[in-house]
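Structure, as structure tokens:
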Amino acid sequence: MITVLRIGHRPARDKRITTHVALTARAFGASAIIIDLHDEELEGTVRSVTDRFGGSFHVSSGVNWRKFLDENKGTRVHLTMYGIPVGQCIDKIREDSSRNGELVIVVGAEKVPGDLYGIADYNVSVTNQPHSEVAALAIFLDRYNNGSELSATFQGRMEVVPRERGKEIRNRIGNTITNKKPKRKD
Ligand code: SAM
């Protein structure tokens with residue numbers, strides 16, 4: 001079980017990026033996202049994707065993150081550019097979290113509270129350069145899952161059929177519901 005904990009979410013500013021954090025968490029193998037500030041619209045967007053594209057991804061917001069980390073028995077990873085390079089600690093994190101039965105990955109939005117560095121079991125960097133929580137989460141999950149998430153299936157109402165060109169979507173029983181051919185340029 002992998003849970004992503006998003007802290008510092010500001011509904012007015014971060015709706016789009018926090019939605020991307022949630023969708024990346026879902027697509028790359030996490031089972032849930034917890035967001036500190038309440039944001040019903042964001043919850044609705046994420047649920048709508050899960051409803052159409054499948055899986056059992058859970059989203060909740062308005063959660064006290066310190067209490068959540070206090071009560072959670074899983075391995076706590078905080079993604080930060082100041083941490084230990086992911087390649088140096090990922091095997092240990094995999095071992096620890098499989099023993100604990102859960103992995104919680106914390107990502108920030110703005111500057112995170114200083115005590116988080118002490119609360120986390122691992123402060124992990126994905127390069128020591130500043131970039132994005134979405135990129136850091138995707139790379140971390142890919143390393144954690146050894147790439148297996150890239151071929152996961154979700155059994156949704158809508159399933160994208162990989163095509164060299166155009167867009168094809170099938171429903172659960174395999175009928176094509178969208179089939180757009182690329183427009184010819186001539
Ligand atoms: N200025 C903020 C600070 O000093 O904490 C950085 C905010 S950054 C846009 C948002 C989040 O992206 C961070 O809290 C962290 O979780 C993640 N992040 C950014 N760069 C990272 C890196 N190189 N490695 C791991 N996580 C990173």
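In listed order, ligands and their atoms are each counted from 1.
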[atom]: the protein heavy-atom neighbour that sits closest, reported with distance to 0.1 Å:
{"atom": "atom 17 (C) of ligand 1", "result": "Glu133 CA, 3.8 Å"}
{"atom": "atom 11 (C) of ligand 1", "result": "Gly108 O, 3.4 Å"}
{"atom": "atom 7 (C) of ligand 1", "result": "Ala109 O, 3.3 Å"}
{"atom": "atom 23 (N) of ligand 1", "result": "Gln129 O, 2.6 Å"}
{"atom": "atom 20 (N) of ligand 1", "result": "His131 N, 3.2 Å"}
{"atom": "atom 16 (O) of ligand 1", "result": "Leu79 O, 2.6 Å"}
{"atom": "atom 24 (N) of ligand 1", "result": "Val126 N, 3.0 Å"}

Check each atom of ligand 1 against the heavy atoms of [X] and keep those under 4.0 Å away; list them by number with element.
{"X": "Val107", "answer": "16 (O)"}
{"X": "Thr80", "answer": "24 (N), 25 (C), 26 (N)"}
{"X": "Ala136", "answer": "25 (C), 26 (N), 27 (C)"}
{"X": "Lys111", "answer": "3 (C), 5 (O)"}
{"X": "Thr127", "answer": "22 (C), 23 (N), 24 (N)"}

Could you tell me whether Val124 approaches ligand 1 through its side chain, its backbone, both or neither, with non-hydrogen atoms closer than 4.0 Å? backbone
So which bit of His78 gets within less than 4.0 Å of ligand 1, heavy atoms only: side chain, backbone, both or neither? neither
Side-chain donor or acceptor of [X] paired with backbone N/O of [Y] under 3.5 Å:
{"X": "His131", "Y": "Val126", "result": "yes"}
{"X": "Asp39", "Y": "Lys15", "result": "no"}
{"X": "Asn100", "Y": "Glu102", "result": "no"}

Out of curiosity, Ile177 CD1 to Ile169 CD1, how far, rounded to the nearest 0.5 Å? 6.0 Å
Output every pair passing side chain to side chain donor-acceptor pair (under 3.5 Å) with a member in residues 133-143, not counting sequence neighbours, ordered by first then second residue. Arg6-Glu133
NZ/NE/NH1/NH2 to OD/OE distance under 4.0 Å, Asp70 and Lys67: no
Under the salt bridge (charged side-chain N to carboxylate O under 4.0 Å, His left out) criterion, do Asp14 and Arg10 qualify, and how do the steps go? CA-CA 5 Å; Asp14 298 325; Arg10 296 153 295 181; 2.8 Å; yes
According to a 4.5 Å side-chain heavy-atom criterion applied to Ile, Leu, Val, Met, Phe, Trp and Tyr, with indirect links allowed, do Ile119 and Leu5 form part of one hydrophobic cluster? yes
I'd like to know if Val59 and Ile17 are part of one continuous hydrophobic network [Ile/Leu/Val/Met/Phe/Trp/Tyr, side-chain heavy atoms within less than 4.5 Å]. yes
